[in-house]
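Below is one structure; the comments refer to it alone.
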Amino acid sequence: MSGTLVLVRHGQSDWNLKNLFTGWRDPDLTELGVEEAKAGGKALADYGIKFDIAFTSALVRAQRTCEIVLDAVGQSSLKTIRDQALNERDYGELSGLNKDDARKKWGEEQVHIWRRSYDVPPPGGESLRDTGARVWPYYLTDILPRVLSGEKVLVAAHGNSLRSLVMVLDRLTKEQVLNLNLATGVPMVYKLKADSTVASKEVLGDMSGAH
Ligand SMILES: O=C(O)[C@H](O)COP(=O)(O)O
(Lines give C-alpha, C1' and ligand atoms only; values in the text may rest on other atoms or scores of the structure.)
Protein backbone atom coordinates (compact mmCIF):
# COMPACT_ATOMS: atom_id res chain seq x y z
CA MET A 1 0.00 0.00 0.00
CA SER A 2 1.52 3.31 -0.96
CA GLY A 3 1.28 6.43 1.12
CA THR A 4 1.08 10.17 0.89
CA LEU A 5 3.72 12.78 0.18
CA VAL A 6 3.01 16.40 1.11
CA LEU A 7 5.30 19.10 -0.23
CA VAL A 8 5.15 22.64 1.11
CA ARG A 9 7.33 25.62 0.27
CA HIS A 10 8.30 27.75 3.28
CA GLY A 11 6.32 30.91 4.02
CA GLN A 12 7.59 34.34 2.97
CA SER A 13 11.09 34.97 4.31
CA ASP A 14 12.64 38.29 5.26
CA TRP A 15 14.65 38.20 2.02
CA ASN A 16 11.60 37.27 -0.09
CA LEU A 17 10.04 40.46 1.32
CA LYS A 18 13.17 42.47 0.51
CA ASN A 19 13.24 40.90 -2.98
CA LEU A 20 16.76 39.51 -2.50
CA PHE A 21 18.18 36.31 -4.00
CA THR A 22 18.51 34.02 -1.00
CA GLY A 23 19.72 30.53 -1.89
CA TRP A 24 21.75 29.07 1.00
CA ARG A 25 21.63 32.27 3.05
CA ASP A 26 19.51 31.82 6.14
CA PRO A 27 16.88 34.53 6.81
CA ASP A 28 13.88 33.77 9.03
CA LEU A 29 10.19 33.99 8.14
CA THR A 30 8.38 37.33 8.14
CA GLU A 31 5.11 37.71 10.05
CA LEU A 32 3.30 37.09 6.76
CA GLY A 33 5.46 34.00 6.26
CA VAL A 34 4.37 32.69 9.65
CA GLU A 35 0.72 33.32 8.69
CA GLU A 36 1.22 31.53 5.35
CA ALA A 37 2.70 28.53 7.11
CA LYS A 38 -0.21 28.53 9.60
CA ALA A 39 -2.69 28.68 6.70
CA GLY A 40 -0.95 25.75 4.99
CA GLY A 41 -1.06 23.83 8.25
CA LYS A 42 -4.75 24.62 8.73
CA ALA A 43 -5.50 23.40 5.21
CA LEU A 44 -3.75 20.12 6.08
CA ALA A 45 -5.62 19.90 9.40
CA ASP A 46 -8.92 20.41 7.55
CA TYR A 47 -7.83 17.76 5.04
CA GLY A 48 -7.48 15.47 8.06
CA ILE A 49 -3.94 14.18 7.58
CA LYS A 50 -1.70 12.83 10.34
CA PHE A 51 1.94 12.50 9.38
CA ASP A 52 4.35 9.67 10.23
CA ILE A 53 7.49 11.73 9.72
CA ALA A 54 8.63 15.14 8.47
CA PHE A 55 11.64 16.24 6.45
CA THR A 56 13.02 19.73 6.13
CA SER A 57 16.21 21.48 5.03
CA ALA A 58 19.15 22.85 7.00
CA LEU A 59 17.73 26.38 6.66
CA VAL A 60 15.64 28.10 9.30
CA ARG A 61 12.81 29.37 7.05
CA ALA A 62 11.93 25.81 6.04
CA GLN A 63 12.45 24.44 9.56
CA ARG A 64 10.11 27.01 11.09
CA THR A 65 7.52 26.36 8.40
CA CYS A 66 7.76 22.66 9.18
CA GLU A 67 7.26 23.32 12.90
CA ILE A 68 4.30 25.63 12.29
CA VAL A 69 2.60 23.13 9.96
CA LEU A 70 3.13 20.28 12.43
CA ASP A 71 1.76 22.45 15.23
CA ALA A 72 -1.35 23.18 13.14
CA VAL A 73 -2.03 19.49 12.58
CA GLY A 74 -1.49 18.75 16.30
CA GLN A 75 1.84 16.95 15.84
CA SER A 76 4.41 19.39 17.20
CA SER A 77 6.59 16.60 18.61
CA LEU A 78 6.71 14.53 15.41
CA LYS A 79 10.13 13.20 14.39
CA THR A 80 11.64 15.63 11.88
CA ILE A 81 14.75 15.00 9.83
CA ARG A 82 16.80 17.99 8.66
CA ASP A 83 19.10 17.59 5.70
CA GLN A 84 20.89 20.10 3.51
CA ALA A 85 20.06 17.95 0.49
CA LEU A 86 16.68 19.71 0.66
CA ASN A 87 18.19 23.23 0.81
CA GLU A 88 17.25 25.93 -1.69
CA ARG A 89 19.23 26.10 -4.94
CA ASP A 90 22.60 27.74 -4.27
CA TYR A 91 22.24 31.15 -5.95
CA GLY A 92 26.00 31.64 -6.11
CA GLU A 93 27.08 35.20 -6.83
CA LEU A 94 23.46 36.36 -7.00
CA SER A 95 22.93 35.57 -3.30
CA GLY A 96 22.07 38.77 -1.43
CA LEU A 97 21.46 40.81 -4.61
CA ASN A 98 18.18 42.57 -5.25
CA LYS A 99 16.20 40.80 -8.01
CA ASP A 100 15.17 44.08 -9.71
CA ASP A 101 18.76 45.37 -9.62
CA ALA A 102 19.87 42.09 -11.23
CA ARG A 103 17.28 42.57 -14.01
CA LYS A 104 18.63 46.08 -14.63
CA LYS A 105 22.21 44.77 -14.76
CA TRP A 106 21.79 41.56 -16.78
CA GLY A 107 18.34 42.01 -18.41
CA GLU A 108 14.93 40.50 -17.66
CA GLU A 109 15.40 37.48 -19.95
CA GLN A 110 18.77 36.42 -18.52
CA VAL A 111 17.54 36.69 -14.94
CA HIS A 112 14.42 34.66 -15.80
CA ILE A 113 16.64 31.96 -17.35
CA TRP A 114 18.79 31.83 -14.22
CA ARG A 115 15.70 31.64 -12.00
CA ARG A 116 13.53 29.22 -13.92
CA SER A 117 15.49 27.28 -16.56
CA TYR A 118 16.42 23.65 -16.08
CA ASP A 119 20.10 23.69 -16.89
CA VAL A 120 21.50 27.24 -16.91
CA PRO A 121 23.15 27.94 -13.53
CA PRO A 122 23.42 31.45 -12.08
CA PRO A 123 27.11 32.53 -11.85
CA GLY A 124 28.83 30.33 -9.28
CA GLY A 125 25.55 28.68 -8.31
CA GLU A 126 23.32 25.70 -9.06
CA SER A 127 20.97 25.16 -11.99
CA LEU A 128 17.72 23.34 -11.29
CA ARG A 129 19.42 20.21 -12.66
CA ASP A 130 22.30 20.68 -10.19
CA THR A 131 19.78 21.10 -7.37
CA GLY A 132 17.98 17.96 -8.52
CA ALA A 133 21.27 16.08 -8.54
CA ARG A 134 21.28 16.29 -4.73
CA VAL A 135 17.50 16.35 -4.10
CA TRP A 136 16.62 13.31 -6.23
CA PRO A 137 19.05 10.80 -4.66
CA TYR A 138 17.97 11.93 -1.19
CA TYR A 139 14.32 11.54 -2.20
CA LEU A 140 15.01 8.06 -3.58
CA THR A 141 16.94 6.79 -0.56
CA ASP A 142 15.31 8.56 2.40
CA ILE A 143 11.82 9.74 1.48
CA LEU A 144 10.29 7.57 -1.26
CA PRO A 145 10.75 4.20 0.54
CA ARG A 146 8.71 5.53 3.45
CA VAL A 147 5.92 6.74 1.16
CA LEU A 148 5.88 3.41 -0.69
CA SER A 149 5.58 1.56 2.61
CA GLY A 150 2.39 3.50 3.37
CA GLU A 151 3.67 6.37 5.50
CA LYS A 152 2.37 9.92 5.31
CA VAL A 153 5.39 12.15 4.82
CA LEU A 154 5.70 15.94 5.09
CA VAL A 155 8.50 17.74 3.22
CA ALA A 156 8.86 21.44 4.08
CA ALA A 157 11.50 22.92 1.81
CA HIS A 158 12.16 25.57 -0.83
CA GLY A 159 10.93 26.95 -4.14
CA ASN A 160 13.61 25.30 -6.25
CA SER A 161 14.43 22.16 -4.26
CA LEU A 162 10.70 21.40 -4.49
CA ARG A 163 10.51 22.41 -8.17
CA SER A 164 13.10 19.74 -8.91
CA LEU A 165 10.89 17.14 -7.19
CA VAL A 166 7.65 18.37 -8.76
CA MET A 167 9.36 18.26 -12.17
CA VAL A 168 9.87 14.51 -11.75
CA LEU A 169 6.56 13.75 -10.03
CA ASP A 170 4.52 15.73 -12.57
CA ARG A 171 6.73 14.56 -15.47
CA LEU A 172 7.43 18.08 -16.69
CA THR A 173 9.75 18.75 -19.60
CA LYS A 174 12.60 21.26 -19.47
CA GLU A 175 10.29 23.67 -21.30
CA GLN A 176 7.34 23.12 -18.96
CA VAL A 177 9.42 23.59 -15.82
CA LEU A 178 10.19 27.16 -16.94
CA ASN A 179 6.61 28.05 -16.02
CA LEU A 180 6.48 26.13 -12.74
CA ASN A 181 6.28 28.48 -9.76
CA LEU A 182 5.40 27.32 -6.27
CA ALA A 183 3.47 29.57 -3.89
CA THR A 184 4.69 29.98 -0.33
CA GLY A 185 2.83 27.91 2.27
CA VAL A 186 0.54 26.06 -0.15
CA PRO A 187 0.63 22.28 0.45
CA MET A 188 0.67 19.84 -2.47
CA VAL A 189 -0.70 16.43 -1.52
CA TYR A 190 0.55 13.55 -3.68
CA LYS A 191 -0.72 9.99 -3.43
CA LEU A 192 1.76 7.64 -5.05
CA LYS A 193 1.23 4.31 -6.77
CA ALA A 194 3.31 1.28 -5.83
CA ASP A 195 5.54 1.97 -8.86
CA SER A 196 6.29 5.44 -7.37
CA THR A 197 4.35 7.35 -10.05
CA VAL A 198 1.60 9.77 -9.05
CA ALA A 199 -1.91 8.43 -8.47
CA SER A 200 -3.34 11.83 -7.53
CA LYS A 201 -2.28 15.38 -6.71
CA GLU A 202 -4.27 17.95 -4.76
CA VAL A 203 -3.15 21.52 -4.20
CA LEU A 204 -4.58 22.88 -0.92
CA GLY A 205 -4.60 26.58 -1.75
CA ASP A 206 -3.91 29.07 -4.49
CA MET A 207 -0.78 28.66 -6.62
CA SER A 208 -1.84 31.32 -9.14
CA GLY A 209 -0.07 34.21 -7.41
CA ALA A 210 3.30 32.45 -7.36
CA HIS A 211 6.04 34.20 -9.31
O1 LIG B 1 16.45 31.72 -2.99
C2 LIG B 1 15.61 32.57 -3.31
O3 LIG B 1 15.91 33.74 -3.63
C4 LIG B 1 14.14 32.23 -3.29
O5 LIG B 1 13.87 31.41 -2.22
C6 LIG B 1 13.71 31.56 -4.54
O7 LIG B 1 14.11 32.35 -5.56
P8 LIG B 1 13.48 32.29 -7.02
O9 LIG B 1 12.07 32.80 -6.94
O10 LIG B 1 14.37 33.17 -7.82
O11 LIG B 1 13.53 30.87 -7.47
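Read the numbers this way: they start at 1 and go in the same order the structure lists the ligands and their atoms.
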Ligand 1-proximal atoms of Asn160, by part, heavy-atom distance under 4.0 Å
side chain

Got a second to check how far Thr141's OG1 is from Arg146's CZ, nearest 0.5 Å?
11.0 Å

What residue and atom, counting heavy atoms only, is the protein's closest point to atom 7 (O) of ligand 1, and at what distance?
Lys99 NZ, 3.2 Å

Salt bridge or not between Arg134 and Glu126? Use side-chain N to carboxylate O under 4.0 Å.
yes

Atom 6 (C) of ligand 1 - nearest protein heavy atom and its distance:
Glu88 OE2, 3.3 Å

Below 4.0 angstrom from a heavy atom of Phe21, which ligand 1 atoms are there? Numbered from 1 as shown, please.
3 (O)

Hey, could you give me the OG/CZ distance between Ser13 and Arg25, rounded to the nearest 0.5 Å?
12.5 Å

contact_flag Gly23 ligand 1 heavy-atom lt 4.0 Å:
yes

Relative to the heavy atoms of Arg9, which atoms of ligand 1 are at a distance of less than 4.0 Å?
5 (O), 6 (C)

Salt bridge check: are Arg64 and Glu36 linked by an N-O gap of less than 4.0 Å?
no

Would you check whether Arg163 reaches within less than 4.0 Å of ligand 1, judged by its heavy atoms?
no

Decide, yes or no, whether a salt bridge links Arg61 with Asp28 under the criterion of side-chain N to carboxylate O below 4.0 Å.
no

Less than 4.5 Å apart, any side-chain heavy atom of Leu59 and any of His158?
yes

Atom 2 (C) of ligand 1: closest protein heavy atom, distance to 0.1 Å, is Thr22 N, 3.4 Å

Which part of Trp15 is near ligand 1, with near meaning a heavy atom under 4.0 Å away: side chain, backbone, both or neither?
neither

Given that the side chain starts at C-beta and the backbone is N, CA, C, O, which of these parts of Arg116 lies under 4.0 Å from ligand 1, counting heavy atoms, or is it both or neither?
side chain

Could you tell me whether Arg61 and ligand 1 have an N or O pair separated by under 3.5 Å?
no

For Asp14, is there an ion pair with Lys18 - N to carboxylate O distance below 4.0 angstrom?
yes

Would you find a donor on one side and an acceptor on the other, under 3.5 Å apart, between the side chain of Thr22 and the backbone of Leu20?
yes

Which atoms of ligand 1 sit under 4.0 Å from any heavy atom of Leu20?
3 (O)

Should Lys42 and Asp46 count as an ion pair when the cut-off is N to O under 4.0 Å?
yes

Below a 4.0 angstrom heavy-atom separation, can you tell me which part of Gln12, side chain or backbone, both or neither, approaches ligand 1?
neither

Do the charged groups of Asp130 and Arg89 touch, with an N to O distance under 4.0 Å?
no

I'd like to check which ligand 1 atoms, numbered from 1 as shown, lie under 4.0 Å from a non-hydrogen atom of Arg115.
8 (P), 9 (O), 10 (O)

Decide whether the shortest distance between a heavy atom of Asn181 and an atom of ligand 1 is less than 4.0 Å.
no

Quick one: are Val186 and Val203 in side-chain contact, heavy atoms under 4.5 Å?
yes

Atom 8 (P) of ligand 1 has as its nearest protein heavy atom Tyr91 OH, 3.3 Å

Within the 4.0 Å heavy-atom cut-off, what Arg89 brings close to ligand 1 is neither

